[in-house]
Amino acid sequence: YYCENVLKECVMPRFAANLSMLFTELPFPVTLAILPDRPRTRSVEAMAAEHGIEVILHQPMQPGSYPRVNPGPGALFVDMDAERVKATLAENLAQLPHVKGVNNHMGSTFTSNPEGMAAVMSVLKDKGLFFLDSVTSAVSAAPEAARKAGVPFYRRAVFLDNVRNVRTILGQLKTAERNAIKNGRAIAIGHPYGETLEALKLWARERDNRIDVVTLTELGPEF
């Protein structure tokens, strides 16, 4: 699981190791991105709903390193036909009754595949959901597929915790701040690491007060 949070003028982090601690210790809203077909998928979603926390599906997709790296249960692969992609995604979404949108877990290969992303967007359009591109590929087909399907589209600006070090993560949050001030919005993504939570708690005390932190739906799509 991970959760995401957005700065408006704008940033967003992702994590959720200990939800109760996350809810009580972070003084800003979060959006939880939840992986499908995990032992706690449904219980975490129910807990988020109970606390009024925004939820999206963290959809596993084929990475460039596959098969050495497996994206996990419920994943989408480029050798699936469109109907299988749609059915798999629909099954994953059904596990999250309060879902607002989808973003990709891994997926550098799948998100670069126009046919696969068109199938994804078809499901999201039918269900009234948005897509957040984690931008794991420099040649992502997601923006064009979302445009063609009329699906609200969001795009990650900053990864927070590729390096699991509190000061480094804090530096990435500052980068997200600068992007937000320059561009009016910035979405930052992080994992449920203790270092990430600690950095967020520090950042909450020293962040730029010109920045508002909002959920994805409050932020609104790029298009």
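If you read the sequence from its start, that first residue is 1, and numbering goes on from there.
Geometrically, Arg147 engages Phe223 in a cation-pi contact, judged by NZ or CZ lying under 6.0 Å from the ring centre and within 45° of the ring axis.
The closest donor-acceptor contact from the side chain of Glu206 to the backbone of Trp203 lies at 3.5 Å or more, if one exists at all. In this structure, Asp161 contributes its side chain and Arg164 its backbone to no donor-acceptor pair below 3.5 Å. Under the 3.5 Å distance criterion, the side-chain polar atoms of Arg210 are left unmatched by any main-chain donor or acceptor of Asp208. Distance alone, capped at 3.5 Å, places no donor-acceptor pair between the Arg155 side chain and the Asp133 backbone. The main-chain N or O of Val85 is never found under 3.5 Å from a side-chain atom of Thr88 such that the two would form a donor-acceptor pair. Between the side chain of Ser108 and the main chain of Gly64, a donor-acceptor pair closer than 3.5 Å is present. Of the possible donor and acceptor atoms, none in the side chain of Asn104 sits under 3.5 Å from a partner among the backbone N and O of Gly107. A donor-acceptor pair is defined here as one N or O able to donate and one able to accept, closer than 3.5 Å; such a pair exists between the side chain of Glu54 and the backbone of Leu216. A donor-acceptor pair under 3.5 Å is absent between the side-chain atoms of Ser134 and the main chain of Thr136, judged by distance alone.
A donor atom on one side chain and an acceptor atom on the other are not found under 3.5 Å apart for Thr111 and Ser137. Residues His98 and Glu45 bring a donor and an acceptor atom of their side chains to less than 3.5 Å of each other. A side-chain donor from one of Thr175 and Arg178 sits under 3.5 Å from a side-chain acceptor of the other. A donor-acceptor pair shorter than 3.5 Å cannot be found between the side chains of Asn103 and Gln59.
Scanning for ring pair (Phe, Tyr, Trp, His ring centres under 6.0 Å) contacts around Tyr154 gives Phe130, with sequence neighbours left out.
Applying the side-chain hydrogen bond (donor to acceptor under 3.5 Å, both in side chains) test to pairs two or more places apart or on separate chains, none has a residue in residues 62-71.
For Ala75 against Pro71, the heavy-atom pair with the smallest separation is CB-CG, 3.6 Å. Of all non-hydrogen atoms in Leu35 and Pro60, the two that sit nearest each other are CD2-CG, 4.1 Å.
Heavy atoms from other residues, nucleotides or ligands lying under 6.0 Å from NZ of Lys100 number 12 at most.
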